[in-house]
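Accompanying notes for the structure given below.
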Amino acid sequence: MPKAAKGRSGKPEKKRAKKDPNAPKRGLSAYMFFANEQRENVREENPGVSFGQVGKILGERWKALSEKQRAPYEAKAAADKKRYEDEKQAYNAQADGDDDESS
DNA sequence: CCTGTGATTGTTTTC
DNA sequence: GAAAACAATCACAGG
């Protein structure tokens, strides 16, 4: 059951701005790792494709892979997520109490 | 307790 | 250098 038709319901607002004091950016996404590898392949199989094209093709290819293929990327994403946990932790520690920051 | 929301992440190409 | 399509995410917070 699709919790809610969330997603990009049409809100092409520019990039986001930070809102947290130390903004513990989250971890990367599987697509990021996948793109890192496919970007070369996609551009190679699609010579001459413009920005919009390659971008789309990349996405199509992403899902074109099998879950197993995404596995390595998901794994990286999961690993990266852990990385974020670290930031979040530091953010948490500092956000909460703090030993000395107000000089 | 459960939910969804928002914020974020990195790539590519083009000028 | 910046901007948009492309996709995943998923930790955080609130009623």
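Note on naming: letters A, B, ... go to the chains in the order of the sequence lines (proteins, then strands), and numbering restarts at 1 for each one. What you see is a predicted model; the values in this text were computed from it and never measured.
- Taking five base pairs at each end of the helix from B:dC1-C:dG15 to B:dC15-C:dG1, the local helix axes there meet at an angle of 30°, rounded to 10°.
- For the pair A:Glu87 and A:Pro24, the tightest heavy-atom approach, listed with the atom from each and the gap, is OE1-C, 3.4 Å.
- Salt bridge A:Glu45/A:Arg61: present, at least one basic N to carboxylate O contact under 4.0 Å.
- The base of C:dT9 lies close enough to the side chain of A:Arg26 for a donor and an acceptor atom to sit less than 3.5 Å apart.
- Each of B:dT8, C:dC10, C:dA8 was ranked by its minimum atom distance to the side chain of A:Ser29; first place goes to C:dA8.
- Looking at A:Tyr31, its side chain does come within 3.5 Å of a backbone N or O of A:Gly59 through a donor-acceptor pair.
- Between A:Tyr73 and A:Phe33, the distance from one ring center to the other does not fall under 6.0 angstrom.
- Between the C1' atom of B:dT9 and the CG atom of A:Leu28 lies a distance of 5 Å, rounded to the nearest Å.
- The separation between A:Glu40 atom CD and B:dT12 atom P is 8 Å, rounded to whole Å.
- With A:Asp80 contributing its side chain and A:Lys76 its backbone, the two residues share no donor-acceptor pair below 3.5 Å.
- Nearest heavy-atom pair across A:Ala30 and A:Ala77 is N-CB, 3.4 Å.
- What separates CZ of A:Phe34 from C1' of B:dT11 is a distance of 10 Å, to the nearest Å.
- Rounded to whole angstrom, the span from the CG atom of A:Leu65 across to the C1' atom of C:dA8 amounts to 14 Å.
- Relative to the side chain of A:Arg39, the nucleotides C:dA11, B:dT12, C:dA8 differ in distance, and B:dT12 lies closest.
- Here the nucleotide nearest the side chain of A:Met32, chosen from B:dT13, C:dC10, B:dT9, is B:dT9.
- Across all their heavy atoms, A:Glu85 and A:Lys81 have their closest contact at OE2-NZ, 2.7 Å.
- Remark: P of C:dC6 and CD of A:Glu37 are 22 Å apart, rounded to the nearest angstrom.
- To the nearest angstrom, P of B:dT8 lies 12 Å from CD of A:Glu87.
- Atom CD of A:Gln89 sits in a sparse spot, with 12 or fewer heavy atoms from other residues, nucleotides or ligands closer than 6.0 Å.
- Closest approach of A:Asn36 and A:Met32 over heavy atoms only: ND2-O, 2.8 Å.
- We find that CD of A:Gln89 is positioned 13 Å from C1' of C:dA11, with the value rounded to whole Å.
- Distance from the side chain of A:Ala35 is smallest for B:dT11 among the nucleotides B:dT11, B:dT13, C:dA8.
- Near DNA chain C, defined here as any heavy-atom distance below 4.0 Å, the residues from residues 55-62 of chain A are A:Gly55, A:Lys56, A:Gly59, A:Trp62, listed numerically.
- Counting to the nearest Å, the P atom of C:dA8 and the NZ atom of A:Lys63 are 5 Å from each other.
- In this structure, A:Phe33 reaches neither bases nor backbone, as no heavy-atom distance under 4.0 Å exists between it and the strands shown.
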